[in-house]
Amino acid sequence: MLLLPALARAEDAPGQLAVPAFLKEASETALASRVAALEATAGIVLRGDAARDAWLVTDVEAGLQALPPAMRRPPGGRLELVLHPEPAPLGLGDGTKARPDWSEQREQFHLYRYAPSEERRATLRLSRLNDTESEHLWRRRAVVHAVMQRWDDARGWSKRPQWRRLDGWLLPFERPLTWKESASITYAGAFSRARGQVSASLDFVTFAEELFVPVESLRPDALPVDDQVRCQEFSKARALSEFVTEARLGTLPAKGDCPAFDAWAEADALSHLEVLLVAASGRQPQSLFGHLLLRPVWREGATVQGPGFERVVQLVALTGMEEKGLGYLMKGMTGGYSTVFLTGTLGDITHESLELEQRTIRRFRLNLTPGESQRMLERIWELERRGYLGYYFFTDNCAAALLFLLNGSLENGRHVSAPGMLWVLPTATLDTLAKTNVVDAKGGTVPLLEHVPDAFESTGDRARRARVEQERLLTKLATLLPPNALEPLRHVHRQLQSPEPDVRRQAYARLPRAVTTALDARADTREALHAYVAHAVRVERAAVDQTEAEKLAIERERLVAVELKGAGGAAQGVKDRQLLFEREDAMQRKLAVLDRTALLQQALDTATKRLPTPDELKALVRAEHTEAAFAAATEAQGTLNDGPFADVDPRAFLAKDHEQKKEAETTWARGALRESGAARMVVSGGVDFPEVGAARPVVSLRTSAMNESLGDARLHGFQSSSELRVLDGELSVEPRRGAPRIIGSRLTLVGYRTLLPELPQQQRSVSDSLGWGAEARMSTDIDRPLPYRATVEAEALGVVAASERFDTFLAVGLGAQATMAWTRGETVPHVGPRLSLAHRTGLPGPGNSALRLEATYVPSWRMGITPGFTHEADATLQVEWYLGRVARWSVLLTPRAQVHWEGTLASWAGPGRSLASLPEGLARHRLALGVELR
């Protein structure tokens, strides 16, 4: 059969021997028979030039042979292949009027004279094919395209969720500002060719082209096995195979061995997958919303691997080394960056998050089936190479990327919806995953996400825990030792709390002698002193980690100012990374997983930098002294471990310390609320007691995009030492006949407070020993002469007393407040100091129940036509009582009493007369009972 096309081509080739008439006639007869057979068996019609092109007929036959037998006759009636003499890239149409791919309502599929294409993705894997082989490849793919398009039209495969979720296809208006069908993945390399980026259907059929007619079908050695489509596109190949099998149209071959992926995935040793929440530090508001990571966990095999080499999948915006500023922020909010899936190591994450940023990482286990776990590994592999998504801080962030990855892996049509349309919070995403129930291997119902009470502890949090342990150990030693034996150690301990690193360095030099003085023959004493020294080194480690982060920030600023203006941008970083993953090469994979801190440090080490400013130089010198203090601490510890503590088992200490940490986390988790503070709603009813008039009923509705108060313990929330309120509003109405009357409203645009001070060793100024808060809000009150207000306030917060996790605390605040009050025709600004008191007492029982008291006093100067001082005082006493869960809902009762007064103070009447400094103004009391269902 191959001889006939060759003879037919030789007839028209100049300089070739003439073909005998009988052979030409036999060839034409055989060709006509083959064309007729195509129409009879497959419904494929060839007319005119297409019917006379023997090579085209051969490629049509080969293209059909690539499909399962039951699929070789497409539905929808006859399918005519029309061949045009004009050239087109790849010999295919592009959907334009000049070069259509279809006509006559999909009855005619148009082919063109083959011409090479400049499209990178379409030709990337064809480098070993010559022009003739490439032409045959695309002719056969064209046949598959036409047939699969007909099958897709009839079966609607590309409309099914399991296909659309793989590239994130969205219909018009499925999301705000989505005007046409489009894919969430923006990278052209994620599609078999550019035509596939137009719609989910074209994505499907162009992928079918590549799957059924791979490059190696023309030449077996055209591609290394790891670069073949079967070892690159696991999810799409599985989806197409499942569609075909489900329709009983055949069975596609198994993917076979993929050495690079199989070695990376270690699927047989996979235990489970975890979602990691990089929690807020408590001091840095920019870290408040947290960050999500994914961690596959493998069972330990014959070769022991250190924990630092375990893999972690980062879901991050690729920002390059661009300067942090307004432009950086605007890009993050408007899609100027791309979200990427980056496989790094746990050691990289430990260095960046736990040490430099000092943010603890909470762990949550995903309860997936074995099949889903395998699919997750495949999706990670694919998305690391081709998964570039648009990054938008509020909606398309790490949380959205996690859901994108997960939804492409779930079986049996399961799907996890985003927790919001206008705002996708990491913590709210954890809420959604935890509320999704699945069936485990034993047939029981379990949540998709479960908390693992063994967080990766930041050096900062570990240091705070170590300080508590140091105090406990000193108290214990006081019961074991006489005062004179313990006094040298107490003296050293006081010096170790100094914010000056040189003072601490000198104290560490005296530490071995102080410990030796306190040492006696008892094992309890020796173990307590060993633990004290270990915890002291942990505190110093946090200090040196913080200074390392400060040094890195300073060096970056020096580098950016000189070397990176207009260079090292995010767009270039995306292009470079895409090139790295075009071929499966071991060195390229190694380069692609370098963590961002290492890349930055490499640039800093080789770049020319400007001279540091005086403040920067002071910080750098302090960092060197802190490093010297840490070196003295480890030297003292080594001296003691080699001497008096030689008989103490350090592994036993570490095991006991880890067990205590886990027990503390378990206890905390048992009493914490599972849900975060996202998307809260409270309905309350009560009574107002105004100064003038009778008591009146009040019904209030409070809604919050985010509301986590100081002391809240939430598994999916922030640090309990911090408070965040975003779009937190309350509307109060008086129910009556007819339409209810609006009494007032309040909307906090954003409010943040933190009580967590820096560790004593890390305090540089008075502000480091204090907490702080700021808030911007608007309010309406019909009882005020000027009912409308906009207020901005800021304050420093001093903690009078607090428990370790801040579930009980007493704090006072001093700050300033500026208010603009207005009504129609009059605007009056106010400015003045602000005094506040905040108290919370944790109540027994589950669910983080508490008694809370908040009070403020603001004497402010009123400007305008009648200037003078005005005073405002407010106090709220509230009980937050968690009743438990009813079905899938958590029930929280919040009875509260409020007292509010604002006005002026009358002047003193004079000597010998009664005091007349009585308040004049607006006073109101309110009792209310709120109910919240979560």
Engineer: Can you see which heavy atom on W298 is nearest to which on A265, and at what distance?
Structural biologist: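 Scanning both residues, the minimum pair turns out to be NE1-O, 2.7 Å.
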
Engineer: Spell out, as yes or no, whether a donor-acceptor pair under 3.5 Å connects the side chain of E181 to the backbone of A200.
Structural biologist: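 A pair under 3.5 Å: yes.
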
Engineer: Could you walk me through whether R155 and K159 pass the side chain to side chain contact (heavy atoms under 4.5 Å, CB included) test, one step at a time?
Structural biologist: CA-CA 9 Å; R155 301 283 180 157; K159 296 179 182 179; over 6 Å; no

Engineer: Does any N or O in the side chain of R139 come within less than 3.5 Å of the main-chain N or O of L111, such that one atom is a donor and the other an acceptor?
Structural biologist: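 Flag not set: sc R139 to bb L111 has no pair under 3.5 Å.
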
Engineer: Which heavy atom of L166 sits nearest a heavy atom of G408, and at what distance?
Structural biologist: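 That would be CD2-O, 3.9 Å.
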
Engineer: Give the intermediate values and the outcome of salt bridge (Lys or Arg N to Asp or Glu O under 4.0 Å) for residues R414 and E372.
Structural biologist: CA-CA 11 Å; R414 290 195 292 173; E372 290 170 339; 2.2 Å; yes

Engineer: Counting C-beta onward and ignoring hydrogens, is there a side-chain heavy-atom pair between R175 and T395 closer than 4.5 Å?
Structural biologist: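 Side-chain contact under 4.5 Å: yes.
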
Engineer: Between the main-chain N or O of A239 and the side-chain N or O of E242, is there a donor-acceptor pair closer than 3.5 Å?
Structural biologist: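 Not confirmed, E242 side chain does not pair with A239 backbone.
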
Engineer: Where do D203 and R195 land on the salt bridge (Lys or Arg N to Asp or Glu O under 4.0 Å) test, with the steps shown first?
Structural biologist: CA-CA 7 Å; D203 181 19; R195 195 81 176 103; over 6 Å; no

Engineer: At their closest point, which heavy atom of A88 faces which heavy atom of R99, and how far apart are they?
Structural biologist: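 That would be CB-CD, 3.3 Å.
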
Engineer: Report the distance from atom CG of N437 to atom CG of L449, rounding to the nearest 0.5 Å.
Structural biologist: 11.5 Å

Engineer: Determine whether the aromatic ring centres of F261 and F234 lie less than 6.0 Å apart.
Structural biologist: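 F261 vs F234: aromatic centres under 6.0 Å.
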
Engineer: Quick one: sort the W157 and F204 rings into parallel, tilted or perpendicular, breaks at 30° and 60°.
Structural biologist: tilted

Engineer: Report yes or no: does E86 contribute a side-chain atom to a donor-acceptor pair with the main-chain N or O of Y112 at less than 3.5 Å?
Structural biologist: no

Engineer: Go through the steps to decide whether F212 and R141 satisfy the test side chain to side chain contact (heavy atoms under 4.5 Å, CB included), and finish with yes or no.
Structural biologist: CA-CA 8 Å; F212 286 117; R141 287 183 173 181; over 6 Å; no

Engineer: Is the shortest heavy-atom distance from the side chain of L270 to the side chain of V297 under 4.5 Å?
Structural biologist: no

Engineer: Run L218 and L129 through side chain to side chain contact (heavy atoms under 4.5 Å, CB included) and show every step you take.
Structural biologist: CA-CA 8 Å; L218 269 294; L129 300 185; 4.3 Å; yes

Engineer: Please tell me if the side chains of L67 and W151 come closer than 4.5 Å, counting only heavy atoms from C-beta onward.
Structural biologist: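 No - every pair of side-chain heavy atoms lies 4.5 Å or more apart.
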
Engineer: The test is ring pair (Phe, Tyr, Trp, His ring centres under 6.0 Å); show your working for H136 and W55 and say whether it passes.
Structural biologist: CA-CA 8 Å; H136 290 315; W55 281 111; 4.7 Å; yes

Engineer: Taking the side chain as every heavy atom from C-beta outward, state whether S373 and L273 have any atom pair closer than 4.5 Å.
Structural biologist: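 Yes, close enough: below the 4.5 Å cut-off.
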
Engineer: Report yes if the side chains of L64 and L38 come closer than 4.5 Å at any heavy-atom pair, otherwise no.
Structural biologist: yes

Engineer: Relative to W138, does R140 satisfy both conditions: NZ or CZ under 6.0 angstrom from the six-membered ring centre, and within 45 degrees of the ring's axis?
Structural biologist: no

Engineer: Decide if atom CG of D262 counts as having more than 12 heavy atoms of other residues, nucleotides or ligands within a radius under 6.0 Å.
Structural biologist: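 Counting other residues, nucleotides and ligands, CG of D262 exceeds 12 neighbours.
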
Engineer: Look up atom CG in D59 and atom CD in E61, then write down how far apart they are to the nearest 0.5 Å.
Structural biologist: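 Separation between the atoms: 9.0 Å.
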
Engineer: With a 4.5 Å cut-off on side-chain heavy atoms, are R386 and D167 touching?
Structural biologist: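 Answer no - side chains too far apart.
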
Engineer: When you measure from the side chain of D227 to the backbone N and O of L223, does any donor-acceptor pair fall under 3.5 Å?
Structural biologist: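 No: the side chain of D227 does not pair with the backbone of L223.
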
Engineer: What is the distance from atom CD of E80 to atom CD of E107, rounded to the nearest 0.5 Å?
Structural biologist: 9.0 Å

Engineer: How far does CG of L170 sit from OG of S182, to the nearest 0.5 angstrom?
Structural biologist: 5.5 Å

Engineer: Between W163 (side chain only) and S201 (backbone N and O only), is there a donor and an acceptor less than 3.5 Å apart?
Structural biologist: no

Engineer: Look at atom CG of D131 and say whether more than 12 heavy atoms of other residues, nucleotides or ligands are closer to it than 6.0 Å.
Structural biologist: no

Engineer: Report the distance from atom CG of L92 to atom CG of D101, rounding to the nearest 0.5 Å.
Structural biologist: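 It comes to 8.5 Å.
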
Engineer: Going from NE2 on H145 to CE on M148, what distance comes out if it is rounded to the nearest 0.5 angstrom?
Structural biologist: 10.5 Å

Engineer: Look only at the side chain of Q232 and the backbone of D226, and say whether a donor-acceptor pair between them is shorter than 3.5 Å.
Structural biologist: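 Such a contact is found between Q232 side chain and D226 backbone.
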
Engineer: Show the numbers, then the answer: is there a side chain to side chain contact (heavy atoms under 4.5 Å, CB included) between L211 and L240?
Structural biologist: CA-CA 9 Å; L211 181 66; L240 195 156; 4.3 Å; yes

Engineer: Could you pull out the closest heavy-atom pair between T339 and G390, with the gap in Å?
Structural biologist: OG1-O, 4.0 Å

Engineer: Do R52 and D49 sit within salt-bridge range, that is, some charged N less than 4.0 Å from a carboxylate O?
Structural biologist: yes

Engineer: Under the 3.5 angstrom rule, does the side chain of R72 hit a backbone N or O of A42 as a donor-acceptor pair?
Structural biologist: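 Answer holds: no.
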
Engineer: Less than 4.0 Å between a side-chain N and a carboxylate O, is that true for E246 and R248?
Structural biologist: no

Engineer: Is there a donor-acceptor pair closer than 3.5 Å between any side-chain N or O of R34 and the backbone N or O of A30?
Structural biologist: no

Engineer: How far apart are the closest heavy atoms of G196 and T206, and which atoms are they?
Structural biologist: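 Distance-wise, the nearest heavy atoms are CA-OG1, 3.6 Å.
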
Engineer: Is the closest side-chain heavy-atom distance between T432 and V416 below 4.5 Å?
Structural biologist: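 T432 reaches V416 side chain to side chain.
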
Engineer: Looking at E233, E411, E378, E382, which one forms a salt bridge (Lys or Arg N to Asp or Glu O under 4.0 Å) with R238?
Structural biologist: E378

Engineer: Would R193 and E119 satisfy salt bridge (Lys or Arg N to Asp or Glu O under 4.0 Å), going step by step from the backbone distance to the final call?
Structural biologist: CA-CA 8 Å; R193 56 188 178 95; E119 182 187 329; 5.7 Å; no

Engineer: Does the side chain of F404 reach to within under 4.5 Å of the side chain of F341, using non-hydrogen atoms?
Structural biologist: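 They are in contact (side-chain heavy atoms under 4.5 Å apart), so the answer is yes.
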
Engineer: Using a strict cut-off of less than 4.0 Å between a Lys/Arg side-chain nitrogen and an Asp/Glu carboxylate oxygen, indicate whether R125 and E210 qualify as a salt bridge.
Structural biologist: yes

Engineer: For the pair R128 and D221, find out whether any cationic side-chain nitrogen is under 4.0 Å from an anionic carboxylate oxygen.
Structural biologist: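 Judged by the 4.0 Å cut-off on N to carboxylate O distance, R128 and D221 do not form a salt bridge.
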
Engineer: Compare every heavy atom of L315 with every heavy atom of L293, then report the nearest pair and how far apart it is.
Structural biologist: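 Of all heavy-atom pairs spanning L293 and L315, the closest is CD2-N, 4.4 Å.
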
Engineer: Hey, mind stepping through R311 and E274 against salt bridge (Lys or Arg N to Asp or Glu O under 4.0 Å) and telling me if it holds?
Structural biologist: CA-CA 11 Å; R311 278 159 280 178; E274 293 181 353; over 6 Å; no

Engineer: Could you tell me if the ring centre of Y187 sits under 6.0 Å from that of Y388?
Structural biologist: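 Yes, the ring of Y187 comes within the 6.0 Å limit of the ring of Y388, centre to centre.
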
Engineer: So, does R295 use its side chain to make a donor-acceptor pair with the main chain of V275 at under 3.5 Å?
Structural biologist: no

